[in-house]
Amino acid sequence: MTNRLSAADVCALLEKLRESTPLVQCLTNTVVTNFTANVLLAIGATPAMTDIPTEAGLLAEIASATLVNVGTPHAEQRIAMIEAAQAAHHKGGPWVLDPVAVGALPVRTALARELLKYSPTVIRGNASEIKALAGFGAGGRGVDTVDSAEGALDAATHLAHTHGSTVAISGATDLVTDGTDVLRISNGHRYLTLVTGGGCALGAVTAAFLAVGEDQLAATASATAVYTIAAELAAVNAHGPGTFAIAFIDALAAIDAAEIQSRVKIA
């Protein structure tokens with residue numbers, strides 16, 4: 001494991017998260033709202049799905065961290081997303097941008113680029129979304145990537161340098177970079193890609209870890225490690241994606257230091 005992040009560091013951040021129960025505001029898509037809230041509760045955070053204008057900015061000012069996921073960006077939510085990102089940026093609080101299906105669809109692409117003005121703490125997406133957001137590609141097939149995580153590393157580095165963000169790219173091996181260092185997390189299970197919200201909820205968990213971790217790169221990689229190790233644990237007794245989804249929530253709530261120490265693969 002890299003010297004930049006040890007298994008003990010990951011365990012310490014998870015323990016700190018559970019002790020402080022950070023309030024995570026989520027402006028997310030309608031497909032994954034319930035799953036995302038349950039994932040946050042399981043990991044030890046408190047969710048707040050506040051996504052309407054005039055309230056979104058107010059909550060962002062008091063939330064521990066904010067997630068902006070542009071998966072189903074209806075008109076009212078687009079206004080609220082700008083409001084929340086602006087408030088989080090002005091107070092210096094952590095916030096995560098998940099550019100779902102950016103590049104392939106014009107409304108969300110324009111919105112995501114507008115949101116970049118407020119310097120997201122973390123940008124988390126699949127390889128095609130990261131490339132499109134950076135102007136290095138045209139996007140994927142809807143929400144599915146057509147690029148590899150390694151193939152999006154240059155785009156991620158560009159975004160990190162331009163906006164001062166840490167960038168996380170999902171894949172068989174997840175990549176996290178601050179534009180200088182790159183961490184690779186090789187945990188996870190394919191069932192995670194067969195559950196609605198499997199990727200989107202990771203953005204919320206990342207926000208929760210950012211609320212308790214001062215090092216953006218370490219907090220983002222720790223969130224990814226805990227989340228994907230929980231997927232491995234849930235898959236052991238799952239019979240398919242349906243039983244996996246339930247077991248995954250349980251695994252997030254039960255995951256402990258011993259499981260992290262024995263399973264984590266960070267290079």
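Please read all numbers here as calculations on a predicted model, not as lab measurements. Along the sequence shown, residues are numbered consecutively beginning with 1.
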[Y] backbone acceptor or donor facing [X] side chain under 3.5 Å:
{"X": "Trp95", "Y": "Tyr118", "value": "yes"}
{"X": "Glu83", "Y": "Pro53", "value": "no"}
{"X": "Glu259", "Y": "Asp256", "value": "yes"}
{"X": "Lys16", "Y": "Phe209", "value": "no"}

Q: Could you please spell out the steps behind the side-chain hydrogen bond (donor to acceptor under 3.5 Å, both in side chains) verdict for Ser6 and Asp9?
A: CA-CA 5 Å; Ser6 69; Asp9 295 331; 3.1 Å; yes

Within the 4.5 Å heavy-atom criterion, are [X] and [Y] side-chain neighbours or not?
{"X": "Val212", "Y": "Leu13", "answer": "yes"}
{"X": "Val70", "Y": "Asp98", "answer": "no"}
{"X": "Asn69", "Y": "Leu27", "answer": "no"}
{"X": "Phe35", "Y": "Ile249", "answer": "yes"}
{"X": "Gln216", "Y": "Asp178", "answer": "no"}

(Q) When you group the ILVMFWY residues by side-chain heavy-atom contacts below 4.5 Å and let the links chain together, are Val102 and Leu175 in the same group? (A)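 Yes, it is one cluster - the side chains of Leu175 and Val102 are joined through contacts under 4.5 Å.
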
Identify all side-chain donor-acceptor contacts of residues 239-248 below 3.5 Å with residues at least two apart in sequence or on another chain.
{"unit_1": "Thr243", "atom_1": "OG1", "unit_2": "His239", "atom_2": "N", "d": "2.7"}
{"unit_1": "Thr243", "atom_1": "OG1", "unit_2": "Gly240", "atom_2": "N", "d": "3.3"}
{"unit_1": "Thr243", "atom_1": "OG1", "unit_2": "Gly240", "atom_2": "O", "d": "3.2"}

Q: May I ask you to check whether Thr33 and Thr28 show a side-chain donor-acceptor distance below 3.5 Å?
A: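 Checked: Thr33/Thr28 side chains show no N/O donor-acceptor pair below 3.5 Å.
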
Q. Going by atom types alone, do Ser170 and Asn126 pair a side-chain donor with an acceptor below 3.5 Å?
A.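 The criterion, which ignores hydrogens and geometry beyond distance, is not satisfied for Asn126 and Ser170.
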
Do any side-chain atoms of residues 190-198 form donor-acceptor pairs under 3.5 angstrom with protein atoms, and if so which ones, sequence neighbours left out?
{"unit_1": "Thr193", "atom_1": "OG1", "unit_2": "Arg190", "atom_2": "O", "d": "2.6"}

**Q.** Spacing of Asp51 atom CG and Met81 atom CE [to the nearest 0.5 Å]
**A.**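 Output value for this atom pair is 7.0 Å.
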
(Q) Assess whether a salt bridge exists between Glu150 and Arg184, defined as any Lys/Arg side-chain N lying under 4.0 Å from an Asp/Glu carboxylate O. (A)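 Yes.
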
Q.
Please determine whether side-chain hydrogen bond (donor to acceptor under 3.5 Å, both in side chains) holds for the pair Ser128 and Asp147, giving the CA-CA distance in whole Å, both sets of side-chain angles, and the decisive distance to 0.1 Å.
A. CA-CA 5 Å; Ser128 291; Asp147 298 283; 2.6 Å; yes

